[in-house]
Structure formats: C-alpha cells, structure tokens
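See below for the structure under consideration.
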Number of protein chains: 2
Amino acid sequence: MNRNDSCIIRHFSHYCALSDDDKALLCELEDSPQDVKSGDVLWKENDHASEFCTVSRGWAYSYRNLGDGSRQILEVFLPGDIIGLREFAFSQRLAGVSMIDDGVICHFPHRRLLDIFRQSTTLTAVLFAISSRQQSLLTERLVNLARRTAHQKLAHFLYEMYVRLDQTGAAGEGKFRLPLSQEQLADTLGLSAVHVSRTFSAFREEGLVLRERHKVTLPDPQALAQVAEFDACYLNDSVRPIFLENDNAAMRPPNGVSASAVKS
Amino acid sequence: MNRNDSCIIRHFSHYCALSDDDKALLCELEDSPQDVKSGDVLWKENDHASEFCTVSRGWAYSYRNLGDGSRQILEVFLPGDIIGLREFAFSQRLAGVSMIDDGVICHFPHRRLLDIFRQSTTLTAVLFAISSRQQSLLTERLVNLARRTAHQKLAHFLYEMYVRLDQTGAAGEGKFRLPLSQEQLADTLGLSAVHVSRTFSAFREEGLVLRERHKVTLPDPQALAQVAEFDACYLNDSVRPIFLENDNAAMRPPNGVSASAVKS
DNA sequence: GCGCTGTATTAACTTGAGTTATCGGCGTTT
DNA sequence: AAACGCCGATAACTCAAGTTAATACAGCGC
C-alpha cells in the first residue's frame, strides 16, 4: 500500500502530525487488501474475533439481528474507518458486519494493536481518540433513537452523513451519494421502511431533501440541521496537541477539519 | 488510597493480573478523593474537558439535555468505573454527569492517561478493553432503545444492572438496591415516567419484578432475562491473555467473572 | 419483447406509548 | 401536627409510528 494513498494514514493525520515511523506502522495495517462485493458479510455475530479491518474503499455497516427477525444497524463505516475496535475486549463478535457497496477491505490481527501500543505513544493516543470518536457517534445515535421523532431521526442521520462525507471530500454543495436502501435506513433509525418512505415524501414536499436513487440533494443543509437539532460538537475530531509527546506548544488550537455547527 | 481497597485496581484486575508497578500507576488515579452528594453535578455538557473521574463509592450517570426539555441518560456508572473516557478526543464535555447517590469521586487529568500509555502496555491494553466494554454497553442500550417494547426495555435494564452488580458482589439472590427514581429510569430507557410506572405494575402482577422504594427483587431472574431477550455476551469482560505481554500461555481460557448468559 | 425480483409509494387501519390530570403515601421542615 | 414537596399509581384520551396490503417501477436475465 502506497503511503500517500493510504486511507488510514489520511484518517490518522486528521488527528495529528505523524512521524515516518508512525506511518510505516500504519501502513502495515493495510496489507493484504481484499476486494469485496455489495452485500458481502465480513463476519457474523458470535464469530470468533481476532482481527480488525480497515475500509479502503466502499461503505460497510455493523448490525445486530434480533429475536423477532428485525435488525438494528449500529454504525456506518466509510473509507478510512477501522471496523471491530469495539471487540478488542472480546473473543466473539458482538455484531455482524456487511458491505453496503463494492469495496476494498484490509485485515489485521488484534496483536498488531499491541505492537502499536508498545511502539508509538502517538498512535496509541490517536487510536484511543478514534475509539472515543466512534463512541461519540454511537452516543449521538442513541440519543437520536431514544428521544426524537421520525422526521428528526432521518434529518439527523442525513445531516450527519453529509458532514462526515464533507470532511473526507466526498460531498459538496449539499449533494452526496447515499448507497443505503430505505430498508437499511429504517434498520439504522429504528423505524419501519414504510415510515422512512413517508418521511422522505414529507421532506420532498417541504423542499428539505430530494432523493432519487442513491443521490441525495439538500437544498438548504442548515434548515435540515435545524430540524434535527444537530450539534456538530461530537464530530469535531482533532486530538488536542497537548496529548502528543512531540508537541511542545501546549493548547495550540486544533487545525483539523471542523464541522459547521448549529447549536440548538 | 490503600492498594487493597482501591476500586480501580479491583476493576482492572478483572481483566488481567497486574504487576506492582502497574498497581502503583493505577493508585495515582485515586488521589484526591472528593465527597459528593446525591444530585451533585460533576460537570455539564460543553464544560471544558481535561480530566477523568473514577467512582470510588456511589452511583453516577451521564446524560444529555435535549432541545425540548427532555433528557436522555446515557450510562450508569458504578464503583470502579471510569467516567469521561469518551471525551479523550474532545476538549468539551459531550454529556453532563451527575450523582445518583452520595459517594466518593477521584479526579485525574487527561495527561495521566498518556503517562500510562508510555509506561505500561498492559494497562494500555486494559484501558482499551474497558473503553470497548463501555462501548458495548452503549451498543446494547442502543439496540434496546431502538427495537424493543417498554416491557423489554425495562426488563433488559433491570437484568443488566443485576448482572453488573452481581459481578461486583453487590447483588445476590435476585435482590439488589436500585437508587434510581422512575423518572431517571424513564430518562434512561427513552420512556415516560408514567409508562415506567405502568410497566412496573404489570411486572408486579406477573410476579416478574417486585420493587419497593429502592429495593428490587427478581423472583425468577431467568424469566426476566427471557422477556428481555438478554444475551450476556457483551458483559463478559475478560481481556484474553494473548494480549498481555507478560503472558506466554496464549489462548488460556479466561478465568474472570462470567455472567450467566441466556441465548435467545 | 416478457417475466422476475427487489425497491419504493400510498392508503387504511391498529396499537403502544405519550400526555394530562387526579390522588395517595411518605419524609422533611417548621 | 400541619404543611409542603416529591414520588409513584391509575385512568382517560391522543397521536406517532407500525402493519398490512395494493400498486408501481426499475434493473436484469433470457
């Protein structure tokens, strides 16, 4: 994997500057890329867990199947994301993972994380930061699922995807590609597919969201953020420089990509 | 803080054996204990974040206030838990934290975590494991909130608390103390307080749960687990020995406390 | 062209949980 | 012991979202 088009290095670099040694360590996480097709299952719940994956291309999601046949999608992974961090403490998978899209996935064993812990405090801190950021995405989704209406849930999800894609340059001008079906959206938002359709229809009439096939257009992203009571704090993902051993300028303001926030 | 009654050391020891150096490092996290009263706010959303807390005694919870005046409780912390891990990557608090109970709290700065990263791979791995375990609790709550009925939500929460308390010896024979009000339960489960009351009444009639004041009795814990479709995988919290540098017996089965699982 | 399958739309009906309101019990204060 | 406030129980009513079902439409293989 070429150091300059490694998604992982790009992703880690959002958090802080990396030394060449650090980059070399990270590169090893993108050995053995594997082509995968839309719908492919990377692993199922309760499978033995001994490796992580990085997404090089394509989208993936993690999910839980429930007793009554329904399904809950937990996370949506984009290129550069690490899958399976949550299972570090477990020997079994707690959630299945499946591809939304065709893509490229790289595997690396849990052990490799220990090597990183031993060899680079900087990367350890960044990994910890990435893990806490994933957790904050989860927390935000939890609040969303527990306390908001269907309109707000969908608005929030769409705006969150818009911001995340915008941070990686994959969205612009209120337009982006969203390869999820309405059923997958429903499973993400804890709604029925029928109600997702109804909600899209309502948004279309209000001129808030236009969706055709897998293209979404937000004529007025800020208006959508208002509906969702969106507060982008949880997406601001720079590690404060004070944490990094080779950085003496304590409390220098972060210079990473910052999401445009709408405070409610 | 005496090494033998440190909650933190007890908590970390669940994951793996610790060297004396490791214990000394951990002890420093329980400097400066502070007495706190029920209802005390440790911090609010958007406060500046630069320290973690450990709970020595008492219960605490993290919460988010929403635009419409409602509130979502995210996590319930018990003695031995670390509060604020999620905010490692952020300079602001993403959630408020407040005491349920009178208790004792110890503060330590974010920096201290970096010291640990530098000085002990074992503790780094355990911290990572603790963080992933917290995340798995959150995930489970998310599934619960998104996809289950009020009966299942409450049953699941009660049974989860029962297992967690049992692991620390604070529950036995299907009885435990639950210092949360019905309103706090409602805010945890994304329900109204009225409906929590209704659900308790139903459980009482079915003989599933008896609650008076802050004492809960589960006449038949397994029956409750059935109702909740409870799968205790996510609570089994031993770090597999393969991860620990000073452990050569790879794949030795974990010997930690294990929750009695009910597979659906 | 045809039929197949998966995906989306819309309508009619049902239901689980929210809302509002009233009332009783218990603990605390004065 | 009277007064207050908090918490919990129950009932009546409302409403958001689920369910079922009918229909449409696109992509795909043949």
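Proteins get letters first, then strands, A, B, ... in listed order; numbering begins at 1 in each.
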Closer than 3.5 angstrom, by distance alone: can the side chain of Thr199(B) be matched with the main-chain N or O of His151(B) as a donor-acceptor pair? no
Is a side-chain N or O of Asp102(A) found less than 3.5 angstrom from the main chain of Ser38(A), in a donor-acceptor match?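 Yes; judged by distance alone, with no hydrogens or angles, the pair exists.
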Other residues, nucleotides, ligands: >12 heavy atoms within 6.0 Å of Glu45(B) CD: yes
Taking the basic N atoms (NZ, or NE/NH1/NH2) and the acidic carboxylate oxygens, is any pair closer than 4.0 Å for Asp81(A) and Arg164(A)? yes
Toward the 5' end of DNA chain C, which comes first, Arg147(A) or Glu183(A), by nearest nucleotide?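 Checking each residue's closest nucleotide, the 5'-ward one belongs to Glu183(A).
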Please state whether the rings of Phe230(B) and His156(B) are parallel, tilted or perpendicular, taking 30° and 60° as the class boundaries.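 Ring orientation, 0 to 90° scale: tilted.
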Passing candidate, side-chain contact (heavy atoms from CB on, under 4.5 Å) with Arg147(A), options Leu66(B), Leu145(B), Asp68(B): Leu66(B)
Please check if the distance between the ring centroids of Tyr159(B) and Phe157(B) is under 6.0 Å.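 Ring centres of Phe157(B) and Tyr159(B) not closer than 6.0 Å.
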Rounded interatomic separation in angstrom, taking [atom1] from [X] and [atom2] from [N]:
X	N	atom1	atom2	result
Lys153(A)	dG18(D)	NZ	C1'	12 Å
Asp68(A)	dG18(D)	CG	P	13 Å
Leu180(A)	dA8(C)	CG	C1'	15 Å
Glu212(A)	dC25(D)	CD	C1'	14 Å
Leu210(A)	dT9(C)	CG	P	12 Å
Arg148(A)	dG18(C)	CZ	C1'	18 Å

Is it the case that the side chains of Gln92(A) and His48(A) hold a donor-acceptor pair, with the cut-off being a distance below 3.5 Å and no angle test?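 There is no such pair between these side chains.
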Between the protein and nucleotides 9-16 of chain D, are there any N/O to N/O pairs under 3.5 Å, and if so, what are the atom names and distances?
from, atom 1, to, atom 2, distance (Å)
dA9(D), OP2, Gln182(B), OE1, 3.2
dA9(D), OP2, Gln182(B), NE2, 2.6
dA9(D), OP2, Ser197(B), OG, 2.9
dT10(D), OP2, Ser201(B), OG, 2.7
dA12(D), N6, Arg198(B), NH1, 3.3

What are the residues of residues 185-192 of chain A, sorted by number, that bring a heavy atom to within less than 4.0 Å of DNA chain D?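 Within residues 185-192 of chain A, the residues near DNA chain D are Gly190(A), Leu191(A), Ser192(A).
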